[in-house]
Every structure is written in C-alpha cells, then in structure tokens.
Amino acid sequence: MSPSQEIAATIGFDDFLKVDVRVGTIVEAEPYPEARKPAIKLVIDFGGTIGRKKSSAQITRHYKPEELPGRQVLAVVNFPPRQIGKFMSEVLTLGIPDADGEVVLIGPGHAVPEGGRLF
C-alpha cells in the first residue's frame, strides 16, 4: 500500500475543525522552474477577509498556467507560510494523486462563493 492509500490515525471532530479548508478562485498562474520539482506559482482569491494568497503547486503534469485562472480549488488557509525556494507559499492547495502519483486538483463541482469553508 502506498503512503497515499494508508488510512491516517483516527481523530476527533474538533481536530478536523482545526483545519481550515476554503474554496478560492485562481486569478494568476505562472511557471516556477526554479523549484526543486516542477511547479506552478498560483495566486488564489478567497474573497472576504482572507483575500488573495500565494501557493506553489506541483501540478505541471496535468495543468498549464494559462488554463488555471478562473478555476476554483480547495486549499488549507491556516497553515503557517512555507518557503519554497525563493517563493513564500501562504496556503496549501489540495489535490489527489492519479494512478501515476501526479497531482489532480480538488475543487467544487459547481461554482460556489469564494471563501466557503469545507464541512
């Protein structure tokens, strides 16, 4: 079983509530060739009080930067910022591995208001 298929330890509902997953709309995307692994730099608009946040995502296998603006994605917005090379990633954009382990973005099936929280 690969690490992505292992079941994590059981947690309480209060632990789940600590992870703040929100929907945002990608407003900018550009290649990030300086990253250790091929990546795309994203600016995601979460609206309201969260606003626009930056993220580095290893999604080059399935996505081109010019195709991403306007796409809604889910991201964890309450992790501390993380330095990715020379880029400061402010949110963790969420995805699921395909059969080859390449990232497929997660987003709502219908357009929803920016900033909506996953529950």
Side-chain angles (χ1 to χ4, degrees):
M1 185 179 309
S2 74
S4 66
Q5 294 175 326
E6 293 176 12
I7 297 174
T10 300
I11 62 171
F13 190 70
D14 289 340
D15 292 321
F16 170 74
L17 291 176
K18 292 176 186 176
V19 181
D20 194 352
V21 178
R22 303 284 179 136
V23 65
T25 302
I26 298 172
V27 294
E28 296 176 31
E30 64 180 76
Y32 187 27
E34 303 87 7
R36 261 185 306 157
K37 293 183 180 179
I40 297 175
K41 291 192 262 186
L42 305 172
V43 176
I44 305 169
D45 189 355
F46 294 94
T49 58
I50 299 171
R52 291 182 175 197
K53 298 290 183 182
K54 298 182 288 183
S55 183
S56 174
Q58 296 173 356
I59 55 173
T60 57
R61 175 78 177 265
H62 294 295
Y63 306 97
K64 293 181 177 25
E66 61 272 15
E67 300 169 344
L68 292 168
R71 182 186 186 101
Q72 289 195 304
V73 293
L74 293 176
V76 176
V77 298
N78 66 332
F79 284 157
R82 183 172 178 192
Q83 190 77 39
I84 309 291
K86 295 180 180 180
F87 183 76
M88 184 63 73
S89 188
E90 301 173 298
V91 298
L92 175 64
T93 305
L94 299 176
I96 296 175
D98 68 9
D100 296 322
E102 299 291 335
V103 179
V104 175
L105 292 170
I106 300 173
H110 299 281
V112 297
E114 291 162 345
R117 186 170 182 178
L118 176 73
F119 60 84

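Geometrically, Lys54 engages Phe87 in a cation-pi contact, judged by NZ or CZ lying under 6.0 Å from the ring centre and within 45° of the ring axis.
Tyr63 and Val27 fall into different hydrophobic clusters, where Ile, Leu, Val, Met, Phe, Trp and Tyr side chains are chained together by heavy-atom contacts under 4.5 Å. When hydrophobic clusters are built by joining Ile, Leu, Val, Met, Phe, Trp and Tyr residues whose side-chain heavy atoms come closer than 4.5 Å, directly or via intermediates, Ile11 is grouped together with Phe13. Side-chain heavy atoms closer than 4.5 Å link hydrophobic residues (I, L, V, M, F, W, Y) into clusters, and following such links, even through other members, never connects Phe16 to Val21. Criterion: ILVMFWY side-chain heavy atoms under 4.5 Å apart, direct or through other members. Under it, Phe46 and Ile26 are part of a common hydrophobic cluster. Grouping the Ile, Leu, Val, Met, Phe, Trp and Tyr side chains by contacts below 4.5 angstrom, directly or via other members, places Leu74 with Phe79.
Under a 3.5 Å cut-off, the side chain of Glu67 and the backbone N or O of Pro69 do not form any donor-acceptor pair. Within the 3.5 Å criterion, the main-chain N or O of Ser56 finds a donor-acceptor partner in the side chain of Ser89.
Rounding to the nearest 0.5 Å places CD1 of Ile40 at 5.5 Å from CG of Leu68. The distance from the CZ atom of Arg52 to the CG atom of Leu42 is 13.0 Å, given to the nearest 0.5 Å. The structure places CD of Glu34 at 13.0 Å from CD1 of Ile84, a figure rounded to the nearest 0.5 Å.
Ser55 pairs in a side-chain contact (heavy atoms from CB on, under 4.5 Å) with only one of the listed residues (Val43, Val73, Thr93), which is Thr93.
In terms of heavy-atom proximity, Pro31 sits nearest to Lys41 at O-CE, 4.0 Å.
A salt bridge (Lys or Arg N to Asp or Glu O under 4.0 Å) check over residues 17-26, counting only residues at least two apart or in different chains, returns the pairs Asp15-Lys18, Asp20-Arg22, Asp20-Arg117.
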Please list, one pair per line, the donor and acceptor atoms closer than 3.5 Å that link side chains of residues 94-116 to other protein atoms, with sequence neighbours excluded.
| from | atom 1 | to | atom 2 | distance (Å) |
| --- | --- | --- | --- | --- |
| Asp98 | OD1 | Asp100 | N | 2.8 |
| Asp98 | OD1 | Gly101 | N | 3.0 |
| Asp98 | OD1 | Glu102 | N | 2.8 |
| Asp98 | OD2 | His62 | NE2 | 2.5 |
| Glu114 | OE2 | Thr25 | OG1 | 2.8 |

